[in-house]
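To start, the structure itself, in structure tokens.
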Amino acid sequence: MGDLRKTFHVRDYDLDATLSSGQAFRWQQLGQAWEGVIGGRWVRLRLSKGDITAEAAKPVRDWAWLEHYLQLHFNLDQALATFPDDEPMQNAVASFPGLRLLRQDYWECLASFILSATKQIVQIRQMVMLLSKRYGEPIASNDDDPAFAFPTIKVIAACGEKELRECKLGFRAPNLLGAARDILDKKIDLQRLPTLTSSEARKELMKLHGVGPKIADCVLLFAGGHQEVFPVDVWIERALQQLYFPKRRPSAKQLRKFADTHFGPYAGFAQQYLFHHARVHLKLK
DNA sequence: CATCGACCTGGAAGG
DNA sequence: TATTGCAGGTCGATA
């Protein structure tokens, strides 16, 4: 039959940092708990004393989807050991030891980052929520209101630009629409992405309307699990600039080159630490 | 190639 | 309370 609850023992897992660090946009903190939707399922997560307790709305027979999403089996120590031994990196890790990378659905991740262009995390969440409420399937939750799955490619592709703009997407509306239609038109095959190398997958993703290097890299890192990929956005640019080149002012291209060689095989994971640390603790600009 | 403006709009910041 | 400046990017045009 399955259970409504399940407890996972974890070591060094900072749920708060992980779910609020701007890699996923479907999580809401209520008191000590986090509520969100993973695929077609609503869940409530709570971390206490080294245990993550999950609560579902309907009995769950197999929790593999959650373990996979949260990457519970991931060997954190092994990854951390590859990070460069310099002060900025060590500080970033020290301020959120236990920050993790999630493993998200390709389409939801892609769509979310298409929406992320020149928006703050709160606003991105807002857009994702509006879209889900309006175009996603309602699913059972333990709250008074139902939850909503993220809308499918097909449903988005069938929308008009104008209705998408009503979800506060602004100029991102045609980009989301274009990408959804490109996928339906088989300009690229999302199903095939996991079989490709990161540079091949990157090229594929960039064929989509409104998808450039930054968004492609986010999808590779947050959905594809390509942990060596290092998305460069304005925050990371500022953080690298301030932390590693306080005197000079290197070009974006030089920063990218530095990042590609400096951070090692888990560069993307390192990036997540730098990003979160910078966002929470640093006055940038 | 590097640089530059256009593209929407909500919600802060400083007058 | 009205105004201004800005925000996890991408695309196309320009020397």
Side-chain angles (χ1 to χ4, degrees), chain A residues 17-27 92 96 99 101-102 104 108-131 133-134 156 159-183 187-188 202-224 226 229-243 249-257 259 263 267-285:
Chain A
T18 301
L19 298 182
S20 69
S21 64
Q23 49 180 318
F25 304 95
R26 298 233 57 192
W27 294 95
F96 296 99
L99 175 63
L101 283 178
L102 302 168
Q104 303 175 53
E108 178 170 341
C109 184
L110 171 64
S112 302
F113 280 95
I114 286 175
L115 302 185
S116 74
T118 60
K119 279 289 178 192
Q120 303 186 345
I121 292 175
V122 245
Q123 328 244 33
I124 304 168
R125 272 201 209 108
Q126 162 93 322
M127 293 186 278
V128 168
M129 193 175 70
L130 284 172
L131 271 182
K133 266 197 180 147
R134 191 148 169 185
I156 293 296
C159 286
E161 181 179 324
K162 197 166 169 193
E163 26 176 349
L164 289 182
R165 281 180 188 261
E166 286 168 16
C167 296
K168 308 190 180 185
L169 301 201
F171 65 78
R172 301 155 197 81
N175 293 344
L176 181 63
L177 195 53
R181 291 183 177 166
D182 285 347
I183 294 169
K187 190 184 274 189
I188 81 166
R202 190 171 199 256
K203 264 187 223 151
E204 284 299 289
L205 284 164
M206 286 178 62
K207 290 179 185 168
L208 297 174
H209 191 263
V211 179
K214 156 63 169 60
I215 294 174
D217 283 354
C218 285
V219 175
L220 294 179
L221 182 60
F222 301 133
H226 293 277
V229 172
F230 193 102
V232 176
D233 55 51
V234 297
W235 278 92
I236 271 298
E237 255 178 47
R238 290 175 197 155
L240 290 181
Q241 148 78 37
Q242 188 179 113
L243 295 171
R249 179 162 275 285
S251 67
K253 186 163 192 183
Q254 289 172 305
L255 285 175
R256 154 156 290 291
K257 192 168 179 191
F263 293 100
F269 195 38
Q271 181 264 12
Q272 194 62 18
Y273 281 90
L274 291 171
F275 179 80
H276 194 59
H277 175 247
R279 226 173 48 83
V280 176
H281 294 308
L282 260 44
K283 280 278 172 262
L284 297 176
K285 235 190 222 195

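Lettering follows sequence order; numbering is per chain, from 1.
Distance CG (A/Leu205) to P (C/dT10): 11 Å, rounded to an integer number of Å. Across the protein-nucleic acid pair, A/Leu164 atom CG and B/dT9 atom P stand 13 Å apart, rounded to whole Å. Distance A/Phe171 CZ to B/dC7 C1': 5 Å, rounded to the nearest Å. Remark: P of C/dG9 and CZ of A/Arg172 are 10 Å apart, rounded to the nearest angstrom. Atom P of nucleotide C/dT10 and atom CG of A/Leu208 are separated by 12 Å, given to the nearest angstrom. Spacing between atom CE of A/Met206 and atom C1' of C/dG9 amounts to 11 Å, rounded to whole angstrom units. Following rounding to the nearest Å, A/Glu237 (CD) and C/dA7 (P) show an atom-to-atom distance of 13 Å. What separates NZ of A/Lys207 from P of C/dC11 is a distance of 14 Å, to the nearest Å.
At least one side-chain nitrogen or oxygen of A/Arg165 sits closer than 4.0 Å to the OP1 or OP2 atom of B/dC8. Regarding contacts with the backbone of B/dG10, every side-chain N or O of A/Lys119 stays at 4.0 angstrom or more from both OP1 and OP2.
When the P atom is compared between C/dT3 and B/dC7, the two are found 23 Å apart, to the nearest whole Å. C/dA7 and B/dA13 have their C1' atoms separated by 14 Å, with the value rounded to a whole Å. Nucleotides B/dG15 and C/dC6 have their P atoms positioned 14 Å apart, rounded to a whole Å.
A salt bridge between A/Arg165 and A/Glu161 is present, with a side-chain N of the basic residue lying under 4.0 Å from a carboxylate O of the acidic one.
Heavy atoms of A/Gly170 sit under 4.0 angstrom from at least one base atom. A/Val211 comes within 4.0 angstrom of the backbone, heavy atoms only, and of no base. Looking at heavy-atom distances under 4.0 Å, A/Gln272 makes no contact with the nucleic acid at all. Within 4.0 Å of A/Ser21, counting heavy atoms only, lies at least one base atom of the nucleic acid. Using a 4.0 Å heavy-atom cutoff across all strands shown, A/Pro174 reaches no nucleic acid atom at all.
Nearer to the 5' terminus of DNA chain C, by closest-nucleotide assignment, is the contact made by A/Phe113 (compared with the other of A/Phe113 and A/His209). Place A/Gly210 and A/Gln123 on DNA chain C by their nearest nucleotides, and A/Gln123 ends up nearer the 5' end.
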*Please walk me through it: do A/Leu205 and A/Leu220 pass side chain to side chain contact (heavy atoms under 4.5 Å, CB included)?*
CA-CA 9 Å; A/Leu205 284 164; A/Leu220 294 179; 3.9 Å; yes
*Show your working on side chain to side chain contact (heavy atoms under 4.5 Å, CB included) between A/Leu102 and A/Phe222 and close with a plain yes or no.*
CA-CA 6 Å; A/Leu102 302 168; A/Phe222 301 133; over 6 Å; no
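The side chain of A/Pro213 lies closest to C/dT10 when the candidates are C/dA7, B/dG10, C/dT10.
Between A/Glu108 atom CD and A/Leu131 atom CG the span is 10.5 Å, to the nearest 0.5 Å. Rounding to the nearest 0.5 angstrom, the gap separating the CD1 atom in A/Ile183 from the NE2 atom in A/His209 is 13.0 Å.
Side-chain atoms of A/Gln271 come within 3.5 Å of backbone atoms of A/Pro231 as a donor-acceptor pair (strictly under, hydrogens ignored).
Base pairing of B/dC8: no nucleotide in any strand meets the Watson-Crick or G-U wobble criterion (both distances under 3.5 Å).
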